[in-house]
2 protein chains.
Amino acid sequence: MTKRPQNMTILDVARLSGLSKSTVSRVLSGAPNISENAKKKVAEIVAETGYQRNEIARSLRSGRTGVVALVIPDIANPFWADVARGAQDAAVNEGTSILIFSSDWDPVREKQHLQALVKSRVDGAIINPVRDGLEDIEQFNLPIVLIGSSASRFPDMASVSSDIEQGVALGLDRLASSGLGLPVFLVGDNERSASERFLQAVRRWAAKRNVDCSGLIVENGEYNVDGGRAALERILATHAVPRAVFAANDLMALGAMQALRNKGLSCPDDVAVLGFDGIAAGEVTTPALTTVAKPSRQIGDEAFRLLMQRIEGGQGDRMTLPCTLYERGTLPARVNEPQPALMD
Amino acid sequence: MTKRPQNMTILDVARLSGLSKSTVSRVLSGAPNISENAKKKVAEIVAETGYQRNEIARSLRSGRTGVVALVIPDIANPFWADVARGAQDAAVNEGTSILIFSSDWDPVREKQHLQALVKSRVDGAIINPVRDGLEDIEQFNLPIVLIGSSASRFPDMASVSSDIEQGVALGLDRLASSGLGLPVFLVGDNERSASERFLQAVRRWAAKRNVDCSGLIVENGEYNVDGGRAALERILATHAVPRAVFAANDLMALGAMQALRNKGLSCPDDVAVLGFDGIAAGEVTTPALTTVAKPSRQIGDEAFRLLMQRIEGGQGDRMTLPCTLYERGTLPARVNEPQPALMD
DNA sequence: ATGAAAGCGCTAACAC
DNA sequence: GTGTTAGCGCTTTCAT
């Protein structure tokens with residue numbers, strides 16, 4: 001009966017192999033200048049006993065834990081789950097684990113998480129800040145990569161975000177190509193800065209295309225299906241039926257479709273709906289949701305890579321990934337020539 | 001300019017407060033028999049410097065990391081994301097962090113994760129095993145709580161799962177109450193044991209209700225929307241159009257709805273569809289998916305609690321949570337009296 | 001009530 | 001190439 005691997009220390013391996021602690025340690029970390037004999041001996045003992053290095057002790061010396069944190073608003077939201085998946089996949093190959101924190105759009109919760117995270121001594125963190133409260137974390141000079149639209153507010157930090165401006169233009173041009181005018185807009189209200197950036201992109205697009213956007217109809221709502229439904233219902237109650245709805249995220253777009261159905265309005269014949277995210281749930285509705293897709297997995301993937309660079313002492317820059325259009329069934333066919341893409 | 005909290009040690013606090021290392025440590029861990037003066041002094045210094053205990057060093061001594069692992073097939077699958085959310089919420093309150101591993105239905109991946117997890121010296125793990133390979137982990141006598149249907153294969157381990165048998169009966173009774181006969185079944189094939197349990201429950205129900213189930217039509221498919229669509233398409237190609245489809249999970253049920261639509265079949269008038277999971281995406285389809293819902297968040301929540309009990313040295317038992325029916329739009333109205341519930 | 005000292009399991013100088 | 005030794009930051013006897 002050999003010792004439980006759990007309780008074996010490097011000292012036991014040393015004794016069993018007739019070598020010293022340090023030599024065993026060297027073999028285990030693949031240091032150069034080790035005799036074949038030592039390597040073999042250690043390998044034997046390890047195989048025999050199932051010994052595993054205690055990573056905690058290693059961490060204590062090296063200061064690195066092999067764990068990074070991912071702080072997102074809601075793991076149960078498909079978009080964020082996809083981002084997590086991307087980061088996760090990238091991390092596995094590096095032998096790194098990911099600690100996921102859902103802040104649930106709650107700044108207090110987020111703060112708790114941030115504290116928990118520096119306490120856990122993670123090597124770095126990928127963060128989508130709910131609000132602007134990054135001050136607490138900045139002082140710990142922990143390697144950080146920002147994701148999402150708040151990146152623009154911290155110009156000196158590494159970040160990866162999707163190109164909202166390009167995405168909005170993509171969507172608005174597509175709407176225009178169906179001969180629809182400016183749509184009404186549904187934006188989330190627990191992601192203020194994201195909404196602002198979205199609307200700003202709309203105005204910029206209008207300016208470039210010489211479209212009058214003085215009478216923009218915008219409704220806020222919670223960042224979920226019910227929020228989208230309620231938001232469109234409010235618009236329907238107070239305005240003429242719009243020709244098109246552009247939601248700043250897919251969940252709200254799905255809600256908008258429900259609101260239309262409830263009113264007996266047909267989509268896309270009466271009202272066109274355009275989403276923003278590209279979540280899988282948009283494929284299963286009738287009609288399927290046409291949407292501007294953010295590269296969610298890629299965002300997670302690139303953010304992780306950037307973070308690793310930063311951890312390794314590199315600079316890690318800012319990255320903007322383009323959006324693409326998932327053409328499905330909630331827009332009418334095109335009637336105009338597609339516009340040339342907007343360039344800055 | 002005070003020292004960076006990151007580099008401050010308990011020794012610095014000791015020096016600054018004129019106390020000894022040990023006393024400071026005692027104050028910090030709330031030990032009894034400390035003078036008010038010492039408490040005050042330490043509190044001051046901590047407030048002043050922002051000192052934080054190094055959890056890694058603590059872990060090294062105490063053997064506990066304050067981190068638990070959650071191993072699930074796919075974080076991007078809404079059902080599992082919900083489970084994760086439940087566990088997460090429970091963990092926050094306990095000051096515990098959760099390491100999430102997606103095995104992607106891949107036993108090799110899972111094995112990697114399991115190793116990574118014992119290396120990280122987590123305090124315990126909540127696991128939904130892809131296949132039967134739990135041998136590797138059992139030897140580490142790490143506190144473990146199983147979730148999902150495989151729990152039944154490890155009768156001596158703590159577990160929480162949903163009551164498949166009751167859920168299946170619930171669904172089948174509901175189908176029967178609409179005057180529909182036995183449905184065709186769509187089950188996932190990368191979750192063998194779950195599928196078996198599901199079908200077994202079907203047979204048990206048939207026996208209890210005196211229904212002939214000799215000619216059961218069952219089709220396997222990947223555990224996702226496309227898998228469900230393809231599976232039903234295969235059935236449609238080789239059999240008469242069934243009156244009802246019962247999918248072992250919601251994603252496949254959604255796929256089934258797509259297959260029907262593609263064939264020009266109406267749901268629920270031509271074919272009824274019943275799902276199993278209760279994911280949010282089922283609410284947004286037209287018609288919305290009627291489904292037997294597993295208590296996903298609660299599963300995560302209870303699993304975490306059980307795990308904590310086990311970590312604290314308790315036994316932690318086995319727990320089975322009932323399913324409920326989300327009555328939505330993919331079944332025709334009831335025509336028969338509801339059957340009395342099945343009892344064992 | 002507090003201090004001194006001995007480790008937790010490992011790595012990294014520093015010797016030889 | 002390998003062994004010796006001194007910590008990493010903390011908790012916990014054991015004294016006092």
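Proteins get letters first, then strands, A, B, ... in listed order; numbering begins at 1 in each. Values below: all heavy atoms of this structure, side chains included; hydrogens, waters and symmetry mates excluded.
- Spacing between atom CZ of A:R64 and atom C1' of C:dT11 amounts to 15 Å, rounded to whole angstrom units.
- Rounded to whole Å, the distance from CZ on B:R53 to C1' on D:dT11 is 10 Å.
- Atom-to-atom, CG of B:N33 to P of D:dT12 comes out at 15 Å; the value is rounded to the nearest Å.
- Ranked by how close their nearest DNA chain C nucleotide is to the 5' end, B:V24 and B:R61 are led by B:V24.
- For A:T65, the side chain to side chain donor-acceptor pair (under 3.5 Å) partners at least two apart in sequence or on another chain are A:D123.
- For A:N37 and D:dT2, the CG to C1' distance is 12 Å, given to the nearest whole Å.
- Where A:K21 and A:P32 each meet DNA chain D at their nearest nucleotide, the meeting point lying more 5' is that of A:P32.
- Nearest to the side-chain atoms of A:L60 among the listed nucleotides D:dC10, C:dA1, D:dG9 stands D:dG9.
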| request: Go through the steps to decide whether B:E312 and B:R64 satisfy the test salt bridge (Lys or Arg N to Asp or Glu O under 4.0 Å), and finish with yes or no. | output: CA-CA 11 Å; B:E312 247 99 63; B:R64 286 190 45 175; 3.5 Å; yes
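- As a whole-Å value, the separation of B:L28 CG from D:dT11 P is 7 Å.
- Dashed line: the shortest gap from a side-chain N or O of A:S25 to OP1 or OP2 of C:dT11 is under 4.0 Å.
- Listed by chain and residue number, B:V108, B:R109 satisfy the side chain to side chain contact (heavy atoms under 4.5 Å, CB included) test with B:D106 (two or more places apart in sequence, or in another chain).
- Counting non-hydrogen atoms under 4.0 angstrom, B:I56 reaches nothing in the nucleic acid.
- One interatomic measurement links the two molecules: CG of B:L11 to C1' of D:dG9, which rounds to 9 Å at whole-angstrom precision.
- Here B:R58 does not reach the OP1 or OP2 of C:dC8: none of its side-chain N or O atoms lies under 4.0 Å away.
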Tabulate atom names and distances for all N/O pairs under 3.5 angstrom spanning the protein and nucleotides 13-16 of chain D.
{"from": "D:dT13", "atom 1": "O4", "to": "B:R26", "atom 2": "NH2", "distance (Å)": "3.2"}

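- Side-chain contact between A:D163 and A:K294 is absent, with no heavy atoms from C-beta onward closer than 4.5 Å.
- Going from atom CE of B:M8 over to atom C1' of D:dC8 covers 16 Å, rounded to whole Å.
- Residues satisfying the side chain to side chain donor-acceptor pair (under 3.5 Å) test with B:T96, not counting sequence neighbours, are none.
- For D:dC10, the OP1/OP2 oxygens have a side-chain nitrogen or oxygen of B:Y51 closer than 4.0 Å.
- For the salt bridge (Lys or Arg N to Asp or Glu O under 4.0 Å) test, no residue two or more places apart in sequence or in another chain qualifies with B:E302.
- Residue A:S20 places its side chain closer to D:dT4 than to any other of D:dG1, D:dT11, D:dT4.
- Comparing the end axes of the helix from C:dA1-D:dT16 to C:dC16-D:dG1, each fitted to five base pairs by superposing C1' atoms of four pairs onto the next four, gives an inter-axis angle of 40° (nearest 10 degrees).
- Shown here are the side chain to side chain donor-acceptor pair (under 3.5 Å) partners of B:N54, two or more places apart in sequence or in another chain: there are none.
- Of all nucleotides listed (D:dG1, C:dG9, D:dC10), C:dG9 comes nearest to the side chain of A:T9.
- At a threshold of 4.0 angstrom between heavy atoms, the contacts of A:L19 are confined to the sugar-phosphate backbone, with no base atom among them.
- Between B:S35 and C:dT2 there is a side-chain N or O to OP1 or OP2 distance below 4.0 Å.
- The residue among A:E55 and B:T23 whose nearest nucleotide of DNA chain C lies closer to the 5′ end is B:T23.
- For B:R85, the side chain to side chain donor-acceptor pair (under 3.5 Å) partners at least two apart in sequence or on another chain are A:D74, A:D104, B:D89.
- B:N54 has its CG atom 6 Å from the C1' atom of D:dG9, to the nearest Å.
- Annotation: side chain of A:F304 is in contact with side chain of A:V68 (closest heavy-atom distance under 4.5 Å).
- When the salt bridge (Lys or Arg N to Asp or Glu O under 4.0 Å) test is applied to B:K39, the partners found at least two apart in sequence or on another chain are B:E36.
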